[in-house]
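Quick caveat, the model's predicted, so the values are computed rather than measured.
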Amino acid sequence: MNSSVQSAFDWKLLAPLVVAIIVALIPTPEGVAPHAWYFFAIFLGCVVGLIFEPLPGAVIGLIGVTLVALLSRWVLFSPEQLATEGFNAANQAFSWAVSGFTNSTVWLIFGAFMFALGYEKTGLGRRISLWLVKAMGKRTLTLGYAVMIADAVLAPFTPSNTARSGGTIYPVIRNLPPLYDSLPNDPSMKRMGSFLMWTAITSTCVTSSLFLTALAPNLLAIALTESATGIHINWGQWFIAVAPAGILLLLLVPLLCYWLCAPEVKAGEEVSNWARDELNKLGALTRNEILLVIMVVTALLLWIFAGDVVSASLVGLVVICCMLLTGIVSWNDILDNRAAWNTFVWFATLVALAGGLSQVGFVNWFGGMVGEQISHFNPVMAMVALTVIFYLLHYLFASVTAHVTALLPVMLAAASGIAGLDMQMFILLLLPTLGFMGIITPYGTGPSPVYYGSGYLPSALYWRLGAIFGLLFLVAWLAIGLPWLLLIN
C-alpha cells in the first residue's frame, strides 16, 4: 500500500475516535446528564465512521456497541440506576448490546434478503425482466415502462435496491443499447443508453419509497422510530400512505425520462428479438420458479392483510423455511450470503445504538431544546420544514443508512418538541423520502454508482437530471402525499 493510500486510510480510521473524544470533552450542556452526553459522543463517532467508512459499517456498529457496553458505568447508566439495589450493570450492559439482534424489523430485513436470494438462485428475476423486454421492447418508451415494471415487481421482496436494480435489472438492460449502436462513453450513448439507464435508476428510487420492504434503510428507520417513539408502522400502513404519490410517480417516470433524457431511437425490433432469444435459452418455468412465485405472493398477502395474526418478520422466517425444505436455496447458500449477514449485524448494532440515545435521555433533551426554537411553527409547516431539511441534507451522505442513523433521531426529537404535531403522520411523511432522495447524486443510493459507471450517464448529465428529478419527487410528495396523509389520519 503506497503512503498516500495508507495516510488516507489512517485519517479515516482516526476521524471517528477524534470526533468522539472532542465531543466528550465539551462541557456537558445544561439539562442533559453527563452519561447521556458521553453516549452521544460515542454515537456521533460511529456516525462519522459510517460516513467515511474506514471499516465496514457492520464493524463500526459492533465496535460502537461493544465500547458502550464496556464503558456502561459511565455512558449507559445513570448514578441512580447504578445505586439501585440488585442492579447488575454488567448483565444489563450486555443485554443492551445484543438487543438489536432480537429486533423484529432486523429479522424482517434478513428475511427479505433471502427472498432476493431466491430470485437470484431460481433465475426468476431475470426471467421477469426478459419477459417484459420481449413484450414491450419494440418501442423505446414502452421499453422504459418494461424496466420500471420489472423493478416494481421485484421491489416488495428485495430490500437491497443494489441487488434488485444493480444486480438484476442492470445486467439485462446493459445488453440493449449496443443493439442500436448506442455505446458507452461515446456521443452515440444518447441514441438509447442514457434514457434506459436513467429510467432504471429513477424507477428504483420510486419503488424504494413505495414499498416498505424495497429498501433496507426503510426498515431500519421503522425500527429506530419505534425505539424512539413507540410508534410502529406496518407494511400496509406504509403502502397506503405512499400509494397515491408513489404510484403516480412510478407511472410518470418513464415518460418524464423520455422527455427529459430523450432517446434518439424511438422504435426497433432488435431489443425484443434479443429478449426472445434469451428467454428461449432459459426454457419453460422451472419447478423452483413456480414455487417461489407462490411463496412471494402468499407472503405479500400476509404482509398486507394478516399483520394482526402473524408478524411480518415471522412471515419472512416461514418463507425461508419453505425455500429450504423445497430446495430453492440451501443452507450453504444462506451461509454464503455475505450481504445478508453483513446487513443483519450492521442494522442490529445501529438499532441498539440509536435506541440507547433514547434510553439515556438524550433524545428527550434534544427534542425539547429544538422544539423551543421552532415552537412558533404551525405543526403542519414544521413537518414540511423538517422533511425538506432531511431530504436536502442527503447531498452530504453517500449512504442512506448513514443518513438515517445520523439524522433520523434528530428529526424525531425536533418533531416531538412541537406542540400539536401528529407524530405518526410526521413519520409517514418523513420516512418515505428515503427512496426518493437517492436520485439526487451519483452516490445517493446503492445502485447509483452502477449506473453512473455504466458510461451512459456522464457527470454533468447525472447531476443535472438528479437535481431536476430530486426536486420533482420532493414537490410531488409534499403536494400529493401530505394532503393524503391529512385526509387519512
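Using a 4.5 Å cut-off on side-chain heavy atoms (C-beta onward), R464 and L461 make contact. At least one side-chain heavy atom of L430 sits less than 4.5 Å from a side-chain heavy atom of M411. Residues L407 and H394 form no side-chain contact, since every pair of their non-hydrogen atoms from C-beta on lies 4.5 Å or further apart. Put simply, the side chain of P177 does not reach to within 4.5 Å of the side chain of F195, judged on heavy atoms. At a threshold of 4.5 Å between non-hydrogen side-chain atoms, the residues L117 and D333 count as touching. Residues W238 and I222 have side chains in contact (heavy-atom distance under 4.5 Å, counting atoms from C-beta outward). Inter-residue side-chain proximity for V75 and W37 is flagged as unmet; no heavy-atom pair is nearer than 4.5 Å. By the 4.5 Å heavy-atom criterion applied to side chains, V318 and C321 are not counted as neighbours.
A donor atom on one side chain and an acceptor atom on the other are found under 3.5 Å apart for T445 and N161. Checking T199 against Y258 by side-chain atom types alone, no donor-acceptor pair falls below 3.5 Å. Side chains of T286 and E289: a donor-acceptor N/O pair is present below 3.5 angstrom, by distance only. With 3.5 Å as the limit, one finds a donor-acceptor pair spanning the side chains of T207 and R164.
For the atom pair CD1 of I439 and OG of S209, the computed distance is 11.0 Å after rounding to the nearest 0.5 Å. Atom CE in M423 sits 9.5 Å away from atom CD1 in I418 (nearest 0.5 Å).
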### Task
Kindly indicate, with the supporting measurements, whether the criterion ring pair (Phe, Tyr, Trp, His ring centres under 6.0 Å) is fulfilled by F436 and Y391.
CA-CA 9 Å; F436 295 140; Y391 187 90; 7.6 Å; no

### Task
Evaluate side chain to side chain donor-acceptor pair (under 3.5 Å) for T204 paired with D151, printing each intermediate quantity in order.
CA-CA 6 Å; T204 207; D151 197 292; 3.0 Å; yes

### Message
Evaluate W463 against T441 for side chain to side chain donor-acceptor pair (under 3.5 Å), listing each step before the verdict.
### Response
CA-CA 6 Å; W463 281 97; T441 68; over 6 Å; no

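Taking the centre of each ring, F239 and F211 come in below the 6.0 Å mark. Side-chain rings of Y456 and W198 stay apart, their centers remaining 6.0 Å or farther from each other. A distance of 6.0 Å or more separates the ring centres of F473 and W477.
Ring orientation note: the planes of Y170 and Y451 are nearly perpendicular, at an angle over 60° on the 30°/60° scale.
Of all heavy-atom pairs between L76 and F39, the closest is CD1-CE1, 4.0 Å. In plain terms, the two heavy atoms of H403 and L393 that are nearest each other are CE1-C, 4.0 Å. Shown here for G49 and P16, the closest heavy-atom pair between the two residues is CA-CG, 3.6 Å. For F101 against V345, the heavy-atom pair with the smallest separation is CE2-CA, 4.1 Å.
Taking a 6.0 Å sphere around OH of Y38, one finds it holds 12 or fewer heavy atoms contributed by other residues, nucleotides or ligands.
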